[in-house]
Amino acid sequence: MQVFALVDGNSFFASCEKVFRPDLTDRPVIVLSNNDGCVVARSKEAKKLGIKMCQPYFQIEEFCIRENVAVFSSNYELYANLSGRMMSTIASQVDCIDPYSIDECFANMSGYEGLGTDLTQLGFRIKDKVFKDVGIPTCVGIAPTKTLAKYCNHLAKHYGGLKGVCNWLDLTPQRQAKALACEPVSEIWGVGRRYTEHLEKMGIRTALDLARADAEAIRNRFGITLSMTVRELQGTSCIPLELVKPKRQQIMRSRSFSHLVCDKDDLLGAITFHAQECGRTLRREGTVAHTVGIVLNTNPFRLQDVQQQAYPCVGLPYPISDTNTIIHCARRLLNQSYRRDFLYKRTGVYVGEVVPKGAVTKDLFEETETEQQQIICELMDSINTRYGKNTLCFAASKLGKGTWEMSRARLSPGYTTCWKDLPRVGPLLEETVPF
DNA sequence: TCTGGGGTCCTAGGACCC
DNA sequence: TCTGGGGTCCTAGGACCC
């Protein structure tokens, strides 16, 4: 039988801050998001005070002073460092792990029972070792599916009697049902706010209701993802360990401003910074991107303002990782989407269709290379006639068999073997683009 | 006054082809 | 003159996660 463990750092960011500050051991600690906007982590003492996750800090600032809460701005480098140490410590105790987020990972526990290992004891060993070596307190959930392991981890966190480790296989079927019956369906991994609303309307209110639902009916109503959650609650493993992390497809860098911004140069400054960060990440990871986009948001909490949530994106003639191109594209997109009368709160840059450098891009075209060259030459001629020589066309490709559209053609001689469909991005440039 | 910053996956429906 | 239906690709939008 397959068995999974989920090891999760308790109040991870807050615990990280405590590692190097023994004087904070019993004090309430909270960590704030960028710009100190809202609460993203709370120590158990802070939770006891009633501070909520994602609570805007300005609402509780005075309260925190009064209650002697230690307040930290987030320090992601520290957290990433401690996360890495936590993961390698866990990995030293089992044969393989599947890191899921900065503060938690799944571990393989299949096959240990045959060797006479008690899984609950193994859970305690992992927990003790991580605390001793890294200083981070954790909880461990053990179960035959990932969803149940997540749920057991939740139980381990909330029931002190379990001392931080909960093994589903130790519970009798009656205890299992009783535990699920006490849990609102919204606590289950994969059930968010929207699904909760819909499920409740159908009379599915507890985790037990969901576990006893008909997976086929759930599939028809909600799709494959939620039906897998149902089957996992029933004990059938549908979500395997991911031992090889898929390469990420997108890199995004964005930040909120601490104030509202309407000046284009201010936005440009921020966008240039984010573009540099994207380029740096691409080069560090040895990857290249096929699209560049920007994020442009007004403040959705200001109902009195005109709202814009824009994510315009442009396809590139060939994969890139250099900062100049990203900045150039981002500036163009800003020029297209920026509105002088809007009050902006957040901006960012993202690069998409990220692949390892040197990867062969899928060739979607039936034409031979010679025919493609011919088509490119014709299209370039027509564009040069219209816009002048050396015009670079960002936008994209072919509409159907034998039908090419100029505004969708990629016009880079020398790159015909890595063609790829790209989205339409509006009118052609009427400028010469330096590359 | 002040409300995070990343990501992924699935699906319905439209466009297009034969 | 009549005008079907299945397959595929793409996209926007919706949902979820930490």
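Residue numbers start from 1 in every chain, and the chains themselves are labelled A, B, ... in the order their sequence lines are given, proteins ahead of strands. What you see is a predicted model; the values in this text were computed from it and never measured.
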*Partner of B/dG6 by Watson-Crick or G-U wobble geometry, both contacts under 3.5 Å, or none?*
C/dC17
In whole Å, I'd like the distance from the [atom1] atom of [X] to the [atom2] atom of [N].
| X | N | atom1 | atom2 | answer |
| --- | --- | --- | --- | --- |
| A/Ile51 | B/dT3 | CD1 | C1' | 16 Å |
| A/Asp305 | B/dT3 | CG | C1' | 14 Å |
| A/Asp98 | C/dC17 | CG | P | 17 Å |
| A/Trp189 | C/dC16 | CH2 | C1' | 10 Å |
| A/Ile102 | B/dG7 | CD1 | P | 13 Å |

Does [X] reach a base, just sugar-phosphate, or nothing at all? Heavy atoms under 4.0 Å.
| X | result |
| --- | --- |
| A/Gln59 | nothing |
| A/Phe222 | nothing |
| A/Glu61 | nothing |

From C-beta outward on [X], which listed nucleotide comes closest to its side chain: [options]?
| X | options | result |
| --- | --- | --- |
| A/Ser256 | B/dG4, C/dA15, B/dT3 | B/dG4 |
| A/Gln249 | C/dC17, C/dA15, B/dT8 | B/dT8 |
| A/Val40 | B/dG4, C/dA15, B/dG5 | B/dG4 |
| A/Arg255 | B/dG6, C/dC18, C/dC16 | B/dG6 |

What are the atom names and distances for every N/O pair under 3.5 Å that joins the protein to nucleotides 12-14 of chain B?
none

*In terms of the nearest nucleotide of DNA chain B, which residue is placed more toward the 5' end: A/Arg248 or A/Ser33?*
A/Ser33
*Heavy-atom side-chain contact between A/Leu171 and A/Gln176 under 4.5 Å*: yes
*Identified ring-ring contact (aromatic ring centres under 6.0 Å, His included) partner of A/Trp189 from the options A/Tyr151, A/Tyr100, A/Phe4*: A/Tyr100
